[in-house]
Amino acid sequence: MLDLKSVIQDFDGVERRLSRRGEGAVATLRPVRELAARRRELNVALEGMKKRQSEANARVGQLMRTDKAAGEAARAEARVLSDQVKGSDEELRQVEAAIEKVLLVVPNLPHESVPDGKDEKDNVVVRTWGEKPRLDFVPKPHWELGEALGILEWPQAAKISGARFTISKGAAARMERALAAFFVDVHTSRGYREVLPPYLVTAETMTGTGQLPKFEEDLFRTQGETPLYLIPTAEVPVTNMHRDEIFEGSDLPISYCAWTPCFRAEAGAAGKDTRGLIRQHQFHKVELVKFARAEESLSELEKMVDDAQEVLKRLGLHHRVIQLCAGDMGFSATKTYDLEVWLPGQEAYREISSCSSCDDFQARRIRVRYRGEGGKPRLAHTLNGSGVAIGRTVVAILEQCQQADGTVLVPEVLRPYMGGLERIVPEKFPRGVER
RNA sequence: GGAGAGCUGGCCGAGCUGGUCGAAGGCGCCUGACUCGAAAUCAGGUGUACCGGUAACGGUACCGUGGGUUCGAAUCCCACGCUCUCCGCCA
């Protein structure tokens, strides 16, 4: 959420910065100006009214003890004031609710270091690590490899859960578990604290990080009077962990990593990536979350990208770092880098991590602050990034490490986590025939 | 799920027969005095947000959350949430 005060102070400036995200973003802000002016008007009037009321109330209290008749008269007078206050109070509350409603759907302002651009075509490649593996055969996409090896299974998944689900078996299932452990081990050794948060959270929590109210259709929700939502990323519970807290400035930055499943309704993604593991309703991810002082958040973002890259490097996976343009960034982000891993079976780079600074945009919603110079609490900055998506890492390993004979070499650093397995070969396991 | 107790300022804790209570007292913290210095002692100060004001300062709101009663609520009423204890159930 943007700061109402600075929006009012420099409406044109904010509008201009927002316009880099596109016309839709600007439109969300438009009603604020008028509402804010109205609010100010009402507030000033109301405060004066309240002052007169409390004076009148004090008079009633005194007179009641000495002069009953005069007290009753004063009481009648006070009653009139009370009615006025109630009326104005209600009006002010409505205006404030309207402002809140508007502000909650206004996206964050892109940082000035973010390149202009409309969509993913305008993103900028920052650097590339490794090289495309040279294969003397035609590489297969992971879904073909996985099916042939007997480790990825879609028909059964569709039978029990519908589209956009996968069952991993044998080496694939184990690799997910191995990658999770490997990623968390790397990150904890580099200063991140491991947490295992709830996967179901309240609407308030979803609002804190910006998924609600704007993106409800992307979420899975439970039934009941007070529904809970399945987390689309560990960013949600971990960032909200410190809601309404005040850190000592000297304690920051604080870094967390969390391995969780993620659940996404993938509304509006019909027809995209329908094959394979790329776009699922459920997947695993190791997430990195940081709370930082305002002045250090951008340098912490660079470090976070390094940390995410580190696991890909250790796996030997060719990838590149790109910076998202203003028009392609997520709702809460002020600056975002994506890591894209090379998938030879699809001849494409695909996102495997996204690291963002949200500056104080989320912190304002969830009231996370720290005491800086002079002991005054100020809003912290929040950062989050994938470190990295596990399902997509399996995809990358299958495709980048595939051999001409259809087997897959397990990256060396992963072997200790997989019971020493060096090569994935076709797995035979009894399966009935569909009637 | 059932029964009971509780939720007050950074912390502990009074207030809860409704008015002058942003709220006693203590701890912690800050400043000053004393001291070579420190401890102890003494005196003073010590929340957040918003509004008006160049500022000094003034004002409004906040006693788990939301509603209600009332001229007026930390104090009364209702609902909800959370915590603790006991019982049941359960992995």
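So that the names make sense, note that chain A is the first sequence line, chain B the second, and so on, each numbered from 1.
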When both hydrogen-bonding distances must be under 3.5 Å and the geometry is Watson-Crick or G-U wobble, what is [N] paired with, if anything?
N: A3(B); answer: U85(B)
N: A23(B); answer: none
N: G9(B); answer: none
N: G72(B); answer: none
N: C80(B); answer: G64(B)
N: U54(B); answer: none
N: A91(B); answer: none
N: U41(B); answer: A33(B)

Taking atom [atom1] in both [N] and [M], compute the distance separating them and give it to the nearest angstrom.
N: U17(B); M: C12(B); atom1: P; result: 24 Å
N: G25(B); M: G64(B); atom1: C1'; result: 24 Å
N: A73(B); M: C62(B); atom1: P; result: 9 Å
N: U8(B); M: G53(B); atom1: C1'; result: 33 Å
N: U69(B); M: A14(B); atom1: P; result: 32 Å
N: U46(B); M: A38(B); atom1: C1'; result: 23 Å
N: U48(B); M: G22(B); atom1: C1'; result: 11 Å
N: A5(B); M: C76(B); atom1: P; result: 15 Å

| Whether F247(A) and H242(A) hold their rings parallel, tilted or perpendicular, with breakpoints at 30° and 60° |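 Rings of F247(A) and H242(A): perpendicular, as their planes differ by over 60°.
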
| task | Return the orientation label for the F220(A) and H281(A) ring planes: parallel under 30°, perpendicular over 60°, tilted otherwise. | result | perpendicular

[atom1] of [X] versus [atom2] of [N]: gap in Å, rounded?
X: I246(A); N: G10(B); atom1: CD1; atom2: P; value: 8 Å
X: L81(A); N: U70(B); atom1: CG; atom2: C1'; value: 15 Å
X: R59(A); N: G72(B); atom1: CZ; atom2: P; value: 15 Å
X: D244(A); N: C82(B); atom1: CG; atom2: P; value: 16 Å
X: K51(A); N: C50(B); atom1: NZ; atom2: C1'; value: 17 Å
X: R243(A); N: U65(B); atom1: CZ; atom2: P; value: 15 Å
X: D89(A); N: C71(B); atom1: CG; atom2: C1'; value: 16 Å
X: Q53(A); N: G59(B); atom1: CD; atom2: P; value: 16 Å

OP1 or OP2 of [N] versus the side-chain N and O atoms of [X]: is any pair under 4.0 Å?
X: S54(A); N: U60(B); answer: yes
X: R52(A); N: G72(B); answer: no
X: K86(A); N: G72(B); answer: yes

| message | Under a 3.5 Å threshold, yes or no: a donor from one side chain and an acceptor from the other, between E287(A) and Y256(A)? | response |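 There is no such pair between these side chains.
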
| field | Distance-only polar pair, side chains of N240(A) and T205(A), donor-acceptor under 3.5 Å | value | no

| Checking side chain to side chain donor-acceptor pair (under 3.5 Å) for the pair Q211(A)/T209(A): CA distance, chi angles, key distance, verdict? | CA-CA 6 Å; Q211(A) 282 72 25; T209(A) 27; 2.8 Å; yes

As a test of reading the structure: which of [options] is closest to the side chain of [X], going by heavy atoms?
X: S82(A); options: C50(B), C71(B), G67(B); answer: C71(B)
X: R369(A); options: U70(B), G67(B), U48(B); answer: U48(B)
X: R40(A); options: A61(B), G52(B), G67(B); answer: G52(B)

| query | For the atom pair CG (L324(A)) and CD (E351(A)), what is the distance rounded to the nearest 0.5 Å? | reply |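 Between atom CG of L324(A) and atom CD of E351(A) there are 7.5 Å.
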
| query | Hey, does V44(A) reach any base, or is it just sugar-phosphate, or nothing, if we go heavy atoms under 4.0 Å? | reply |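 Sugar-phosphate only.
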
| task | Classify the nucleic acid contact of R378(A) as base, sugar-phosphate or nothing, counting any heavy atom under 4.0 Å across all strands shown. | result |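 Touches nothing.
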
| task | Specify the residue among M64(A) and E47(A) whose closest nucleotide of RNA chain B lies further upstream toward the 5′ end. | result |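 Of the two residues, M64(A) wins.
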
| query | Which atoms form the tightest heavy-atom contact between G208(A) and I366(A), and what is the distance? | reply | CA-CG2, 3.3 Å

